[in-house]
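Reminder, nothing fancy here: chain letters follow the sequence lines and each chain counts from 1. Everything quoted here is computed from the prediction, not taken from an experiment.
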There are 2 protein chains.
Amino acid sequence: MTPSPALLAQLGEVFREYGFEGASLSQITRATGLGKGSLYHQFPDGKDEMAACVLDEIGAWFEAQIYAPLRIAPDPAAAIALMMRNVETYFRSGRRVCLVGVFATGAVRDRFADRIAAYFTAWRDALATALGRLGRPDPAGLAEDAVAAIQGGLVAARAWDDPAVFARVLHRAQARLLGT
Amino acid sequence: MTPSPALLAQLGEVFREYGFEGASLSQITRATGLGKGSLYHQFPDGKDEMAACVLDEIGAWFEAQIYAPLRIAPDPAAAIALMMRNVETYFRSGRRVCLVGVFATGAVRDRFADRIAAYFTAWRDALATALGRLGRPDPAGLAEDAVAAIQGGLVAARAWDDPAVFARVLHRAQARLLGT
DNA sequence: AAACTTCTGTACCAATCAGTACAATCCTAA
DNA sequence: TTAGGATTGTACTGATTGGTACAGAAGTTT
C-alpha cells in the first residue's frame with residue numbers, strides 16, 4: 001500500500017498547520033477529500049502512520065534535492081548557494097514551517113525520534129561534506145550553525161509574520177558558510 | 001484576579017510539553033493540582049486566557065532578566081555574555097523548548113500574534129542596542145541572527161536529543177556577536 | 001458477464017474534550 | 001461567632017475525537 005505523493009503532500013500541510021495533536025481526522029478528511037474509510041484503508045495504523053509516511057516523503061525529497069547535491073556537486077560553493085535557494089523556495093520564504101522541526105519541539109518528538117534525528121543528521125553531514133571539500137574551517141560547526149539558522153529563521157519569520165526575516169537570515173548564513 | 005507566578009510556571013510547562021491544542025484540561029488539572037472549578041474561576045476565558053497569561057509572565061521575566069540588562073548594563077560585552085548564560089540556564093541547555101517559539105510555529109500563532117512578535121522584537125532590539133553601544137557592525141542583523149540561532153539551536157538540540165548542540169550553537173553565536 | 005480485489009461511505013463506539021452551573025467548603029474581616 | 005467573599009469540587013452538557021466494522025461501490029481480471 002503506497003500512498004500517493006500528492007496525498008502525502010496534503011497530509012503534510014495539515015500537520016504543518018495544526019501540528020500532530022491538532023490535526024484531527026475531520027481536518028484531514030476535509031483537506032484530502034478522502035473519507036475515514038479510505039484513510040484507514042491506506043494507513044491502518046492511523047495518524048501515526050500518516051505522519052511517519054509524511055516524514056519519510058519529506059526525508060526523501062530533501063535527500064534528492066538538498067543533501068545529495070551537496071555531496072556530489074562538482075562545485076561545492078555553487079551547491080551551497082543552490083541549497084539556500086531551494087530552502088527558501090521549499091519553506092515558502094518562511095511562510096511554511098518545517099514539519100520535522102515542529103515535531104521535534106512537540107510532544108510527538110519521541111514517537112518519531114529516529115526520523116527527526118536522521119533528517120537533521122543527513123543535512124548537517126551533507127553540508128559539512130561540501131564545506132570540507134571547499135576547504136572551509138570547522139565544517140561540522142559551520143554546518144550545524146547553518147541548520148540551526150534555517151530552523152531559527154523559520155521560527156523568527158513566523159513570529160514576526162515577515163518573510164523578509166527568513167531571507168535575511170538565510171543570506172547571512174550563506175555568507176558565513178562561504179566566507180564571503 | 002492575579003494568578004500566582006507558580007501557577008503560571010506550571011501552566012507554562014504543560015503548554016511546552018503538549019502544545020496549545022494538546023494541553024487538555026485534564027493534563028492541566030493534573031499538573032497544577034487545581035480542579036476545573038478553580039481554573040475557570042481564575043481564567044474565565046479558559047485555555048486562551050491561561051496561555052496569554054503565561055506568555056505575559058514569560059515576557060516579563062525576559063524583560064527583567066534578558067532585555068533590560070542588555071539595554072542598561074555598563075559593559076555591553078559582559079551583558080551579552082551574561083545573556084547567553086541566562087539563556088542556556090532558562091532553556092535547560094536546550095531540553096526545554098521556547099514556548100513563544102512553539103506557539104509561533106503552531107496554529108495558535110495568530111491568536112497570540114502581538115505577544116509573540118513583541119517577545120521577539122524586544123529581544124532583538126535590546127540586543128541590537130547593546131551591540132550598537134559596543135560598536136559592532138550591523139547590530140540589527142547580528143541581533144536578528146542571534147535570536148534565530150537561539151531558536152534554531154533549541155530545535156536542533158531537541159531533534160538530536162543532545163543538549164551539547166545547544167551549547168555549541170550558543171557559544172558560536174556569542175563569538176559572532178562579540179567578534180571574538 | 002461474472003468473479004475477485006480494492007476502495008469508499010457511513011453508522012457506530014467509547015472516550016475525551018472544553019465549558020457551564022452551582023452547591024459546598026474555605027478564608028477573611030468585623 | 002457571623003456574614004460575606006473567595007475558592008473548590010463535581011455533575012452535567014453537547015461536541016468532537018480516533019478508531020472499528022462492514023456493506024456497497026468501483027475497478028480489474030478472466
Fill in: Of A:Gln27 and B:Gly33, the one whose closest DNA chain D nucleotide lies more 5'
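Taking each residue's closest nucleotide, the earlier one in sequence belongs to B:Gly33.
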Discussion item. Between B:Glu63 and B:Arg71, does any NZ, NE, NH1 or NH2 come within less than 4.0 Å of an OD or OE carboxylate oxygen?
Written reply: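 Looking at B:Arg71 and B:Glu63, the cut-off is met.
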Practice prompt. Considering only NZ, NE, NH1 and NH2 on the basic side and carboxylate oxygens on the acidic side, decide whether A:Arg109 and B:Asp161 come within less than 4.0 Å.
Written response: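 Yes, this pair counts.
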Practice prompt. Could you tell me whether the phosphate oxygens of C:dC17, OP1 or OP2, come under 4.0 Å of any side-chain nitrogen or oxygen in B:Ser26?
Written response: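 Yes, within the criterion.
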Discussion item. Show me the pairs that pass ring pair (Phe, Tyr, Trp, His ring centres under 6.0 Å) and involve residues 133-153 of chain A, at least two apart or across chains.
Written reply: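 Every candidate ring pair (Phe, Tyr, Trp, His ring centres under 6.0 Å) pair involving residues 133-153 of chain A fails, so no pair, neighbours aside, qualifies.
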Rounded distance in Å - [atom1] ([X]) to [atom2] ([N]):
X       : N      : atom1 : atom2 : value
A:Leu25 : D:dT16 : CG    : P     : 14 Å
B:Glu21 : D:dG18 : CD    : C1'   : 16 Å
B:Tyr40 : D:dC12 : OH    : P     : 19 Å
B:His41 : C:dA23 : NE2   : P     : 17 Å
A:Arg30 : D:dT17 : CZ    : C1'   : 13 Å
A:Leu34 : C:dC7  : CG    : P     : 11 Å
B:Gln42 : C:dT20 : CD    : P     : 16 Å
A:Phe43 : C:dC7  : CZ    : C1'   : 14 Å

Practice prompt. Check for a donor-acceptor pair, side chain of A:Lys36 on one end and backbone N or O of A:Thr29 on the other, with a separation under 3.5 Å.
Written response: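 No; zero donor-acceptor contacts below 3.5 Å.
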Taking the minimum atom-to-atom distance to the side chain of [X], which one of [options] wins?
X       : options               : result
A:Ser24 : C:dA18, D:dT17, C:dT8 : D:dT17
B:Ser38 : C:dT8, D:dG9, D:dG18  : D:dG9
B:Lys36 : D:dG18, D:dT7, D:dT10 : D:dT10

Worksheet item: Contact class for B:Lys47 (heavy atom, under 4.0 Å): base, sugar-phosphate, or nothing?
Response: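 Sugar-phosphate, backbone atoms only, no base.
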Worksheet item: Taking the six-membered ring for Trp, are A:Trp123 and A:Phe62 parallel (under 30°), tilted (30 to 60°) or perpendicular (over 60°)?
Response: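 Plane angle between 30° and 60°, so tilted.
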